[in-house]
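In each ligand, atom 1 is the first atom listed, and ligand 1 is the first ligand listed.
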Amino acid sequence: MAQARIADASDPEAIREAARIIREGGLVAFPTETVYGLGASAENEAAVARIFEAKRRPRIDPLIVHVSDMESARRYGVFPNAALPLMERFWPGPLTLVAGKTSLIPYIVTAGLDTVAVRIPAHPAALALIRAAKTAIAAPSANPFGYVSPTEAEHVAGQLGDTVDFILDGGPSAIGVESTILSFETSGPVVLRAGGTPVEDLQAVLGRTDIQIGSVLRPSVPGQMKRHYSTRTPLEIREISENYNAAAAPRAGKQGERIGLLTLSLMEDASRYAAVEILSPAGDVREAAAGLFRALRRLDALALDRIVARPVSEKGLGLAIMDRLRRCAAGD
Ligand code: AMP
Ligand code: MG
């Protein structure tokens, strides 16, 4: 297949064209506030099958369904009462809620589950596309399965440009990490994936501090795979003292080894690293999350021997950042 066309996501004509492709069963990569999505009509089994093929994503890994308003959310999902205040407060936004599936959603979307993951994205182009397509859009991140998610149209074009039909370019994603996924189990709310909506904010709205993190009930929920969001370059998480003393410290690695450093803020002496990515000079985790995947991709493009990532505090978006780094660091 030829290289997909890329069009400006703020151009109404491009949105109309993208919506036409979705309605006809094609694949459109589009910007959201979290990362770029690889979208197909959620009601079209064959189109959804193309998503799995394009990403080489296992069919056991369910997709998130994107809708433009509450009314359509309810056409596709049956939400527990406890979810209502969260929908009011966080939609549109980076929160995905697991609901009962209605018959409009084919099982290929949910990997055979009777539940469906739904969210309203907070991006004008994503919303315009969903409205114009007149259907919900099933969309995982627009990257080959297991690799770092795309936060720019160019990332999509480079990796999936010959398998998608059309790419909407909306500039860099503002949040930069995927949505938080929340499920309501009989034992209470469970965060299945830390993401763009901080758990502290969920706690505040739900008025409870007992939100579980990670599905202990169903450790094998599809998509909770350990190694994910991964660079090809091996990555390890390691704290490095700010007062690093080059003369006294042991050698960082083998002779001639080229190491990349991923750090929240500037270090006093980073001269022994072949490349350094500073996520937020001011130490702001929101800024760090927004630039995380771009930084990982940049380091991964340098053919380094390894990447050392310094841990960040797991408050706010720091939890999502550390989740992505841990999964990137996990062995196969
Ligand atoms: P993404 O790869 O960003 O599209 O996120 C999809 C992830 O959402 C999957 O890998 C699952 O972890 C989660 N997910 C989607 N649907 C469900 C569901 N019905 N129940 C539980 N988790 C789900
Ligand atoms: Mg993904």
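- Within the structure, the closest approach of Ile64 to ligand 1 falls below 4.0 Å when heavy atoms are considered.
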Side-chain atoms of residues 119-136: list all donor-acceptor pairs with protein atoms under 3.5 Å, sequence neighbours left out, distances to 0.1 Å.
| residue | atom | partner | partner atom | Å |
| --- | --- | --- | --- | --- |
| Arg119 | NH1 | Glu33 | OE1 | 3.4 |
| Arg119 | NH1 | Glu33 | OE2 | 2.7 |
| Arg119 | NH1 | Gly93 | O | 2.9 |
| Arg119 | NH2 | Thr32 | OG1 | 3.3 |
| Arg119 | NH2 | Glu33 | OE1 | 3.3 |
| Arg119 | NH2 | Thr34 | OG1 | 3.3 |
| His123 | ND1 | Ala125 | N | 3.1 |
| Thr135 | OG1 | Ser41 | OG | 3.4 |
| Thr135 | OG1 | Glu43 | OE2 | 3.2 |

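- In this structure, Leu299 CG and Arg297 CZ are separated by 12.5 Å, a value rounded to the nearest 0.5 Å.
- Between Glu178 and Ser141, the side chains place no donor N or O within less than 3.5 Å of an acceptor N or O (distance only, hydrogens not considered).
- Applying the 6.0 Å contact sphere to CD of Glu239 captures more than 12 heavy atoms from other residues, nucleotides or ligands.
- Judged as a side chain to side chain contact (heavy atoms under 4.5 Å, CB included), and not counting sequence neighbours, the contacts of Val48 are Phe52, Leu63, Ile108, Val109, Ala138.
- Not a single donor-acceptor pair under 3.5 Å links the side chain of Asp165 to the backbone N or O of Val28.
- For the pair Arg326 and Tyr229, the cation-pi test (distance below 6.0 Å, angle within 45°) is failed.
- Not a single heavy atom of Lys101 lies less than 4.0 angstrom from ligand 1.
- Put simply, the side chain of Ser179 never gets that close to the backbone of Pro94: no donor and acceptor are under 3.5 Å apart.
- Applying the 6.0 Å contact sphere to CG of Asp210 captures more than 12 heavy atoms from other residues, nucleotides or ligands.
- Numbered from 1 in the order shown, with element, the atoms of ligand 1 that lie under 4.0 Å from a heavy atom of Thr115 read 18 (C), 19 (N), 20 (N).
- Atoms of ligand 1 lying under 4.0 Å from at least one heavy atom of Ile181, given by number and element, are 7 (C), 8 (O), 13 (C).
- Interface of Leu192 with ligand 1, defined as ligand atoms under 4.0 Å from a residue heavy atom, comprises 21 (C), 22 (N).
- Contact annotation: for Arg119 versus ligand 1, there are no heavy atoms closer than 4.0 Å.
- For the ring pair (Phe, Tyr, Trp, His ring centres under 6.0 Å) condition, the pairs that include at least one residue of residues 81-101, sequence neighbours left out, are Phe79-Trp91.
- For a threshold of 3.5 Å applied to N or O pairs, the pair formed by Arg193 and ligand 1 contains at least one separation below that value.
- Every atom of ligand 1 is numbered from 1 in the order shown, and the set under 4.0 Å from a heavy atom of Asp61 is 9 (C), 10 (O).
- A salt bridge links Arg298 to Glu277: at least one charged side-chain nitrogen sits closer than 4.0 Å to a carboxylate oxygen.
- The Mg ion (ligand 2) has Ser141 OG as its protein N, O or S neighbours under 2.8 Å.
- Those atoms of ligand 1 that come under 4.0 Å of a heavy atom in Pro140, given as number and element, are 4 (O).
- Considering only non-hydrogen atoms, atom 16 (N) of ligand 1 lies nearest to Ala117 out of Ser179, Gly37, Ala117.
- Within ligand 1, the atoms closer than 4.0 Å to a non-hydrogen atom of Leu113 are 18 (C), 19 (N), 20 (N), numbered from 1 in the order shown.
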